[in-house]
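These notes are about the structure you will find just below.
Just so you know, these numbers use all the heavy atoms, side chains as well, and skip hydrogens, waters and symmetry mates.
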Amino acid sequence: MADVTASTSELVGLWLQLLMTGAYLVYFTQCVTILRRRMRDGVSFALPIACGVIFVVTLADMVLALCRAHQAFAVNGTRLPDPEAYYANASTPLCVTKNALETVMTLVSDMIIAYRTYLIWDVKPLVILFPAGLLMTNVGLGVWFLWTLRRADDPATIALVETRMRYFFILTLCLNLFCGGMICWRIWTRSRGAAQYRQTEGLTRCVLETILQTGK
């Protein structure tokens, strides 16, 4: 069985991204309505701003992916396209910008779940110390990774970029596992104490819903 090439994986990823973004846009107006209702109820402006940033970054990332696919597969005059060589060059402006948008998306999502943990645990400073440390470390790693990517013109530098990117996503995973676990534990303990006074669909379902909402 032949290995999947970089150009094939990029093309498949683009089609999946278009499919998922289109599915989200179907519910976009409903999301805006819910946010407006929550703002009238007194919710902080931080949530609508974060949602707006995620929406803009998602659309910008999709546009950049389409531009890169066009440059990789389009025929210019008599020159045949070479998508493998195009995607192998990680230091192009479009590639660096796309990675920057994905880094911003990840960091904003990490901020949301860290803030959510902070609120659910009654704004206790000790609870947020570990997630805040991971988040600040990830910000530094993200900037370092993008700075190195811009200069990735040899195999040694590309290997260094891959290592830093791996550390970035490992820290993101640790942050989400910690915050998700803290949120689920808080919901579990609070719901268990109040279960005898109200009807409930079950603690397990509440926790599973939280886990699914936490995942990225």
Side-chain angles (χ1 to χ4, degrees), residues 16-17 20-21 23-24 26-28 30-58 61 99 101-145 162-216:
L16 290 175
Q17 183 179 8
M20 294 297 102
T21 304
Y24 169 75
V26 173
Y27 298 98
F28 176 72
Q30 297 182 29
C31 295
V32 172
T33 303
I34 293 173
L35 282 175
R36 291 178 62 184
R37 187 183 305 124
R38 295 291 300 275
M39 290 178 66
R40 286 197 298 267
D41 294 339
V43 72
S44 171
F45 279 94
L47 178 60
I49 291 174
C51 292
V53 170
I54 290 175
F55 178 72
V56 172
V57 170
T58 300
D61 181 72
N99 278 275
L101 290 175
E102 293 172 352
T103 302
V104 170
M105 172 75 77
T106 303
L107 292 175
V108 171
S109 301
D110 289 347
M111 290 178 187
I112 290 175
I113 191 173
Y115 183 66
R116 185 181 184 188
T117 305
Y118 181 60
L119 292 181
I120 287 181
W121 278 85
D122 301 326
V123 296
K124 294 180 179 178
L126 289 178
V127 174
I128 201 63
L129 285 179
F130 182 65
L134 288 178
L135 185 58
M136 296 305 297
T137 305
N138 237 10
V139 171
L141 274 177
V143 174
W144 197 15
F145 153 69
E162 292 176 351
T163 300
R164 292 172 182 174
M165 181 176 62
R166 190 178 301 116
Y167 288 148
F168 177 83
F169 285 110
I170 287 174
L171 286 181
T172 294
L173 177 62
C174 292
L175 175 65
N176 279 267
L177 289 177
F178 177 82
C179 291
M182 293 292 288
I183 291 172
C184 290
W185 176 253
R186 190 66 165 179
I187 293 175
W188 183 279
T189 53
R190 289 292 180 88
S191 300
R192 186 174 55 183
Q196 55 182 326
Y197 304 108
R198 61 178 176 83
Q199 287 187 338
T200 179
E201 296 179 348
L203 297 177
T204 304
R205 178 171 179 176
C206 295
V207 173
L208 286 177
E209 287 181 354
T210 304
I211 293 175
L212 291 174
Q213 294 174 13
T214 300
K216 293 189 300 180

Can you check side-chain contact (heavy atoms from CB on, under 4.5 Å) on Phe168 and Leu107, steps first, answer last? CA-CA 10 Å; Phe168 177 83; Leu107 292 175; 4.1 Å; yes
Decide yes or no for Asp61 and Met105: does some side-chain heavy atom of the first lie under 4.5 Å from some side-chain heavy atom of the second? no
For Leu35 and Cys51, which heavy atoms make the closest approach, and how far apart are they? CD1-CB, 4.0 Å
For Glu102, all residues meeting side chain to side chain donor-acceptor pair (under 3.5 Å), sequence neighbours excluded: Lys98
By ring-ring contact (aromatic ring centres under 6.0 Å, His included), which residues pair with Phe28, not counting sequence neighbours? Phe55
Tell me, which pairs form a ring pair (Phe, Tyr, Trp, His ring centres under 6.0 Å) where one or both residues lie in residues 102-130, sequence neighbours left out? Phe130-Phe178
Side chain to side chain donor-acceptor pair (under 3.5 Å) partners of Arg166, counting only residues at least two apart: none
Which pair of heavy atoms, one from Ile113 and one from Gly180, lies closest together, and at what distance? CD1-N, 4.2 Å
Measuring from Arg116:CZ to Met182:CE, what's the distance to the nearest 0.5 Å? 14.0 Å
Applying the side-chain contact (heavy atoms from CB on, under 4.5 Å) criterion to Leu171, which one of Leu135, Asp110, Leu141 satisfies it? Leu141
Work out which heavy atom in Ala50 is nearest to a heavy atom in Ile112; give both atom names and the distance. CB-CD1, 3.8 Å
Suppose we screen for side-chain contact (heavy atoms from CB on, under 4.5 Å). Which residues come up paired with Val104, at least two apart in sequence or across chains? Val57, Val108
Main chain of Leu134, side chain of Asn138: is a donor-acceptor contact present, judged purely on distance under 3.5 Å? no
Side chain proximity check, Asp122 to Arg186, heavy atoms < 4.5 angstrom: yes
Sidechain-backbone polar pair: Arg164 side chain, Phe145 backbone, donor-acceptor under 3.5 Å: no
Checking Tyr24 now: which residues fulfil ring-ring contact (aromatic ring centres under 6.0 Å, His included) with it, not counting sequence neighbours? none
For Cys179 and Thr117, work out which heavy atoms get closest and say how close. CB-OG1, 3.2 Å
How long is the gap from CG on Leu175 to OG1 on Thr106, to the nearest 0.5 Å? 11.0 Å
I want to check something: taking the side chain as every heavy atom from C-beta on, are Thr58 and Leu101 in contact at a cut-off of under 4.5 Å? no
Between Ile128 and Ala114, the two heavy atoms sitting closest are CD1-O, 3.2 Å
